[in-house]
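Notes follow the structure.
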Amino acid sequence: MVGQGYDGAASMSGNLKGVQTIIRESHPAALYVYCSEHSLNLALAHSCNVQYVRNCIGTIKSIGNFIKSSAMRTNILKTKIKNILPNSKWNKLTSMCDTRWVENHNGIQRFVEIFQPIVETLEELQLVQDINTSSKSIQFYRAIVTSEFILSMVTSNTLFSMTLPLCKSLQSVSCDLVEAVQHIEKILNELIHLRENIDHTFNDIFEKSELLLKSIDGEENIRIPRILLQYHFFDDFIRQLKERFTNHKKIISSLCFLLPNKCTNSELEASDFELYSEFLDLDALLNELKLWKRKCFGNFTSNYGDTGKNFFDAEKNKKLPKECNWRRPIDWPSLTQCT
């Protein structure tokens, strides 16, 4: 065994009595990798603790539960959607998850797209005779027609729209640790670009928010300080991604240099693989690495991709050069609990 991946629960990741420690007593080369999916989820959860965003997501969840708990309310919403947005693919709200933050994107996206029917549904529910329904409808209506709520909702939707493809990629059985780190780097670069061009980013979010507000009140304008978007939300998520995935990058710092497109431009040392001395002859490894690097200077580099999966798929199909005697014991560490 050369890899293991769990979440951060003490019973799993503990250095004294955790599962990963017990396994490494029998398999010293089984590197522990904090589940990438959990790392992403925790980064989102932390960033969504920004006051306006936290309140916005909580309100969306409450309204969803409120409408779905009654067949009468659900039917009113369906009718409003059919009349106002006849081409909409949504006809109801979806549940918001308390723990899997990245999965909340579907709920937020749906709420944004059918925002006007939701507002009109709450307006109609204020007139029903049931006191509980009418009073909650008034409260929810007043909460979601504010500038703070609409801007926070559009901002959250912007961020979640970037992380949802990443979440799906991390859960794929074909995604290895190298590919995961590459995906994270792409998201980070895009977020940093948005942050460096925050005026343009905010203007785009502001315009979308303005359209939503005017769809329910043609005379109202968005009023909120821009500091919410410029600093707290984007900055915190960028910081969280960097902190939570630093260890993932350290783990692959030497192993990824075995990939054909990396090793031709990197120096390979036998000392980088001391962890695998149980499987390898480190004295002979240096010469093997030299042979491997020489082989990679040929056409082989462009034929086998740049991820661990492609690398070992090539081995499985007997396409790797015979010099790679080290290829069998060195596999790529676990990415998530999903794999």
For a quick test of reading the model, state the closest non-hydrogen atom pair linking Val145 to Leu213 and the distance between them.
O-CD1, 3.7 Å
Quick one: do Asn106 and Thr94 satisfy side chain to side chain donor-acceptor pair (under 3.5 Å)? Show the steps, please.
CA-CA 8 Å; Asn106 289 331; Thr94 185; over 6 Å; no
As a quick check of understanding, evaluate side chain to side chain contact (heavy atoms under 4.5 Å, CB included) for Arg244 and Leu42, giving each step before the final call.
CA-CA 9 Å; Arg244 295 184 184 277; Leu42 290 172; 3.6 Å; yes
Relative to the ring of Phe149, is the ring of Phe115 parallel (under 30°), tilted (30 to 60°) or perpendicular (over 60°)?
parallel
Any Lys/Arg nitrogen of Lys89 or Glu113 sitting under 4.0 Å from an Asp/Glu carboxylate oxygen of the other?
no
Dump the intermediate steps for side chain to side chain donor-acceptor pair (under 3.5 Å) on Lys68 and Ser95, then the final yes or no.
CA-CA 9 Å; Lys68 291 196 317 178; Ser95 299; 2.3 Å; yes
Determine the minimum heavy-atom distance between Ile144 and Ile118, stating which atoms define it.
CD1-CG2, 4.2 Å
Given Asn197 and His193, is the side chain to side chain donor-acceptor pair (under 3.5 Å) satisfied, shown in steps?
CA-CA 6 Å; Asn197 299 275; His193 173 74; 3.3 Å; yes
Side chains of Leu194 and Met162: does their closest heavy-atom pair fall under 4.5 Å?
yes
Taking side-chain hydrogen bond (donor to acceptor under 3.5 Å, both in side chains) as the criterion, tell me which of Glu123, Glu120, Gln126, Lys136 meets it with Tyr141.
Glu123
Determine whether Leu93 and Asn65 satisfy the following criterion, side chain to side chain contact (heavy atoms under 4.5 Å, CB included), listing intermediate values before the conclusion.
CA-CA 9 Å; Leu93 292 172; Asn65 293 337; over 6 Å; no
Hphob cluster co-occupancy, Phe66 + Met72, side-chain heavy atoms under 4.5 angstrom
yes
Tightest non-hydrogen contact, residues Ile81 and Pro117, listed as CG1-CB, 3.7 Å
Shortest non-hydrogen contact between Ile114 and Ser88, atoms and distance:
CG2-OG, 3.9 Å
Would you call Lys242 and Leu188 a side-chain contact if the rule is heavy atoms closer than 4.5 Å?
yes
